[in-house]
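Reading through the structure tokens given below for one structure.
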Amino acid sequence: MTGRQMEGRRVVLTGAAANIGGATADLLAAEGARLVIGDIDSRAAETAERLASQGADATFVRTDVSDAASMKALLDTAAETLGGLDVIINNAGIQRSSPVTEMDESVWDLHMAVNARSCFLAAKYGVPHLRHGHLPAIVNMASVGGFKAPAGLSAYSASKGAIIAFTRTLASELGPEGIRVNCVAPGWVDTPFNDPIVAHMGGRAAQDAAVRAGVPLQRQGQPSEIAAAMLFLASEASSFVTGHALVIDGGAS
Ligand code: NAD
């Protein structure tokens with residue numbers, strides 16, 4: 001007994017090329033999880049190779065989370081590689097900024113496909129595996145933007161709001177089977193992901209001013225602080241928590 005929180009737990013994690021997903025992969029591996037990482041960016045292969053070189057069980061499967069065949073292949077491959085599946089973490093996401101009247105329909109559709117549809121696909125193709133898992137759990141990546149986002153992020157906000165609603169409903173559907181479903185809803189986290197909306201706001205100085213004015217803790221979050229919440233919701237520490245959207249925003253909302 002090592003006391004590690006995820007010892008031997010079999011986990012699929014999407015979107016782990018760097019930043020929040022990278023920090024989550026690091027923390028889960030350090031806590032003993034066995035990981036299959038799905039990402040469209042080959043830098044996520046380097047995440048898996050780095051963890052494997054440190055002695056963790058981590059592999060990479062190139063995946064487009066918006067594509068049904070690709071997601072099914074990720075989940076089936078993971079279950080085969082790991083000998084089953086206990087946890088699915090849907091972290092992959094995109095953000096584009098545009099006033100709604102100037103937004104191409106394809107931008108709206110892309111947000112829905114990559115951010116929201118991916119969570120549906122993970123559930124559709126992953127739950128049959130989780131039904132045989134140990135302490136099964138799903139953690140989706142939402143955002144405080146799913147409640148209300150800055151101007152210019154309507155498609156992003158709508159897709160993250162869909163994730164919150166889907167998470168709550170899926171928790172009701174899967175609760176009787178003992179499968180927990182939660183999401184995290186971060187506020188500002190200091191990664192390049194926000195570059196489009198920061199540009200829309202007028203640059204880093206404008207973002208810093210918005211953070212000072214709107215965040216009681218007076219700073220952005222760090223990827224490791226979101227990873228800690230992912231670990232909590234994926235692990236036995238949250239065994240009586242389901243259907244929850246865990247806001248992590250320094251007090252902004
Ligand atoms: P990031 O860009 O590093 O992470 C996104 C990941 O998703 C990347 O690894 C990327 O390659 C992957 N991805 C994108 N499209 C994909 C696709 N079609 N198929 C597979 N993988 C794909 O940025 P991040 O800041 O680490 O964000 C991670 C998640 O956290 C996102 O879902 C984002 O919406 C959410 N989030 C971020 C913030 C923030 O302030 N940074 C706040 C709230 C929520």
Side-chain angles (χ1 to χ4, degrees), residues 12-27 36-48 60-75 88-97 106-107 109-119 121-122 139-150 153 155-164 166-167 183-198 200-201 204 207-208 210-211 214-215 219-227 229-230 233 245-250 252-253:
V12 164
L13 168 65
T14 68
N19 304 315
I20 295 172
T24 302
D26 287 351
L27 181 59
V36 171
I37 293 170
D39 202 303
I40 205 163
D41 184 339
S42 56
R43 286 181 306 152
E46 295 165 24
T47 303
F60 168 70
V61 177
R62 184 176 305 281
T63 307
D64 178 350
V65 297
S66 67
D67 180 78
S70 187
M71 279 298 271
K72 184 174 188 320
L74 169 67
L75 291 151
I88 300 170
I89 302 180
N90 295 302
N91 171 69
I94 52 138
Q95 182 194 98
R96 308 278 187 271
S97 175
S106 65
V107 172
D109 291 345
L110 188 65
H111 280 87
M112 291 302 162
V114 176
N115 295 353
R117 186 172 188 260
S118 59
C119 295
L121 294 173
V139 186
N140 294 323
M141 172 54 83
S143 165
V144 288
F147 302 106
K148 186 182 178 190
L153 288 185
Y156 180 75
S157 178
S159 69
K160 293 298 189 179
I163 291 172
I164 294 166
F166 181 64
T167 297
C183 61
V184 293
W188 289 113
V189 183
D190 197 4
T191 79
F193 186 81
N194 289 317
D195 287 354
I197 187 61
V198 171
H200 188 87
M201 291 167 75
R204 181 78 188 206
Q207 184 199 26
D208 288 345
V211 168
V215 181
R219 65 173 178 86
Q220 298 193 60
Q222 293 301 316
S224 62
E225 296 174 305
I226 311 307
M230 296 285 212
L233 291 174
L246 180 53
V247 171
I248 314 159
D249 66 352
S253 59

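What you are looking at is a predicted structure, and each value in this text was computed from that prediction instead of being measured. Numbering of ligands and ligand atoms starts at 1, following listing order.
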Is the shortest N/O to N/O distance between [X] and ligand 1 below 3.5 Å?
X: V65; value: yes
X: K160; value: yes
X: N194; value: yes
X: S143; value: no
X: V114; value: no
X: I20; value: yes

> Listed by chain and number, what are the side-chain contact (heavy atoms from CB on, under 4.5 Å) partners of P196, not counting sequence neighbours?
Replying inline: Q95, S97
Is there a donor-acceptor pair closer than 3.5 Å between any side-chain N or O of [X] and the backbone N or O of [Y]?
X: S157; Y: K148; value: no
X: K160; Y: F147; value: no
X: D39; Y: A45; value: no
X: S70; Y: D64; value: yes
X: N90; Y: T14; value: no

Can you tell if the side chain of [X] reaches within under 4.5 Å of the side chain of [Y], non-hydrogen atoms only?
X: P186; Y: M141; result: yes
X: L74; Y: V36; result: yes
X: L13; Y: M230; result: no

> Heavy-atom distance to atom 28 (C) of ligand 1: which of N91, D195, I226 wins?
Replying inline: N91
> Of T191, L110, D39, D41, which has the heavy atom at the shortest distance from atom 9 (O) of ligand 1?
Replying inline: D39
>> Show the nearest heavy-atom pair for residues A155 and M112, with the distance to one decimal.
In response: O-CE, 4.2 Å
> Which atom names give the shortest non-hydrogen contact between G15 and N91, and what distance separates them?
Replying inline: O-ND2, 2.7 Å
Show the atoms of ligand 1 that are less than 4.0 angstrom away from any heavy atom in [X].
X: T63; value: 19 (N), 20 (C)
X: I94; value: 14 (C), 15 (N)
X: G187; value: 40 (O), 42 (C), 43 (C)
X: D64; value: 17 (C), 18 (N), 19 (N)

Quick one: nearest non-hydrogen protein atom to [atom], plus distance?
atom: atom 3 (O) of ligand 1; value: N19 ND2, 2.8 Å
atom: atom 35 (C) of ligand 1; value: M141 CG, 3.4 Å
atom: atom 2 (O) of ligand 1; value: F193 CD1, 3.5 Å
atom: atom 34 (O) of ligand 1; value: Y156 OH, 2.7 Å
atom: atom 16 (C) of ligand 1; value: I40 CG2, 3.7 Å
atom: atom 6 (C) of ligand 1; value: G15 CA, 3.7 Å
atom: atom 43 (C) of ligand 1; value: P186 O, 3.4 Å
atom: atom 5 (C) of ligand 1; value: G93 O, 3.5 Å

> Is a salt bridge present between R96 and D109, judged by a nitrogen-to-oxygen distance below 4.0 Å?
Replying inline: no
> Counting only non-hydrogen atoms of the protein, does one fall under 4.0 Å from atom 32 (O) of ligand 1?
Replying inline: yes
> Using heavy atoms and a threshold below 4.0 Å, how should the contact between A142 and ligand 1 be classified: side chain, backbone, both, or neither?
Replying inline: backbone
>> For the residue pair N19 / T191, report whether a side-chain donor-acceptor contact shorter than 3.5 Å exists.
In response: no
